[in-house]
Amino acid sequence: MKHFAMLSAAVLLVAAMPAAGWGQVSKPPGQTENKDHGNMGVYFGVAHVQGYTLFGVGGRMGFNVHRRIVLEGEYAYFFQRSQTQTVAAGGSSNTITTNLRMWDALFGPKINITKHFFALAKAGMADFGVSGPAPPGGINNQIGGIVNGNLDKVIYPGGGVEFKVGRVHFRAEAGDEIIWFNNGAHSNLRATIGPQLRF
């Protein structure tokens, strides 16, 4: 599954490359070239899923298809987090630890509302890794309907801000990562921040 994820991210980025020329604007004589063709960057991310706060890293690349619209692809890996709980049954108690990790791959438009503020709407897939003994009323390798190896649909609406510190551009965004598992859609807060390069 890990190889599939890497291949999917690579295909998204390669598929987006022909769009590089769409956002190019010819410069008038005597002016320097602007940097409004696209962007690439890395980020630190936080996602709150099924009571777990996951921390991860990711990268994104986008190409302008219009002055205000950027088509972006991104991939993130959220590291494994553990939760320990004590279960009482039959006069005795046991302590169990369950683990959750996630990766997601998203693609969609980022719409620049002003010079600094933007909105976005992306779709993609999320994959979960669950390990540990069964919680009360559950089965092994499952947390609240998330089963180990699940590959689930995702819709991610959100928004954010871009700003410059010295020569470095930064981007911060947050949104609702809606993931379909256990026969329904579940809202999950997701936020990222990191540097980016405009080209």
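You'll find the side chain of R101 stays beyond 4.5 Å of the side chain of F128, heavy atoms only. Contact annotation: the side chain of V154 never approaches that of W180 to less than 4.5 Å [non-hydrogen atoms, C-beta and beyond].
Separating the CG atom in N64 from the NZ atom in K110 is a distance of 7.5 Å, to the nearest 0.5 Å. The CZ atom of F78 sits 11.0 Å away from the CG atom of L100 when rounded to the nearest 0.5 Å. Rounded to the nearest 0.5 angstrom, N150 CG and M125 CE are separated by 10.0 Å. Taking CG of N188 as the reference point, atom OG1 of T53 lies at 11.0 Å (rounded to 0.5 Å). For the atom pair CZ of R60 and CG of L120, the computed distance is 8.0 Å after rounding to the nearest 0.5 Å. E177 CD to R190 CZ: the interatomic distance, rounded to the nearest 0.5 Å, is 5.0 Å.
Of the charged side-chain nitrogens involved, none lies within less than 4.0 Å of a carboxylate oxygen, so that D104 and K122 do not count as a salt-bridged pair.
Tracing side-chain contacts under 4.5 Å through hydrophobic residues (I, L, V, M, F, W, Y), one never reaches I193 starting from V168; they form parts of separate clusters. Both L151 and Y77 belong to a single network of hydrophobic side chains, linked directly or stepwise wherever heavy atoms of I, L, V, M, F, W or Y lie under 4.5 Å apart. Under the 4.5 Å side-chain heavy-atom criterion for Ile, Leu, Val, Met, Phe, Trp and Tyr, L106 and M102 are members of the same hydrophobic cluster. Using a 4.5 Å cut-off between side-chain heavy atoms of Ile, Leu, Val, Met, Phe, Trp and Tyr, with links allowed through other members, V46 and Y156 fall into different hydrophobic clusters.
When V147, T98, I146 are each tested for a side-chain contact (heavy atoms from CB on, under 4.5 Å) with V130, only one passes: I146.
Ring geometry for F55 against F44 counts as parallel: the plane angle stays under 30°, on a 0 to 90° scale with 60° as the upper cut. In this pair, F163 and F170 present their aromatic rings parallel. The plane angle is below 30°, not in the 30 to 60° band.
With no hydrogens or angles considered, no side-chain donor-acceptor pair links Y52 and S82 at under 3.5 Å. Side-chain atoms of E72 and N39 include a donor-acceptor pair closer than 3.5 Å.
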Worksheet item: N112 and V70: side chain to side chain contact (heavy atoms under 4.5 Å, CB included), yes or no, with the steps?
Response: CA-CA 8 Å; N112 296 315; V70 183; 4.0 Å; yes

Fill in: Residue pair T97, T84: steps toward the side-chain hydrogen bond (donor to acceptor under 3.5 Å, both in side chains) verdict
CA-CA 4 Å; T97 301; T84 302; 3.3 Å; yes

Discussion item. Let's go through Y43 and E74 carefully: what are the C-alpha distance in whole Å and the side-chain angles of both, what is the deciding distance for side-chain hydrogen bond (donor to acceptor under 3.5 Å, both in side chains) to 0.1 Å, and is it a yes or a no?
Written reply: CA-CA 10 Å; Y43 57 83; E74 65 179 270; 2.8 Å; yes

Discussion item. Set out, in order, the CA-CA distance, both residues' side-chain angles and the distance that settles side chain to side chain contact (heavy atoms under 4.5 Å, CB included) for F118 and E173, then state yes or no.
Written reply: CA-CA 9 Å; F118 63 87; E173 68 178 51; 3.8 Å; yes

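At distances below 3.5 Å, at least one donor-acceptor pair connects side-chain atoms of H116 with backbone N or O atoms of E162.
For F63 and F199, the gap between ring centers is short of 6.0 Å. For Y75 and W103, the ring centers are positioned less than 6.0 Å apart.
Heavy atoms only, all atoms of each residue included: P109 and A121 are closest at CD-O, 3.0 Å. Pairing each heavy atom of I178 with each of S187, the nearest pair is CG1-OG, 4.3 Å.
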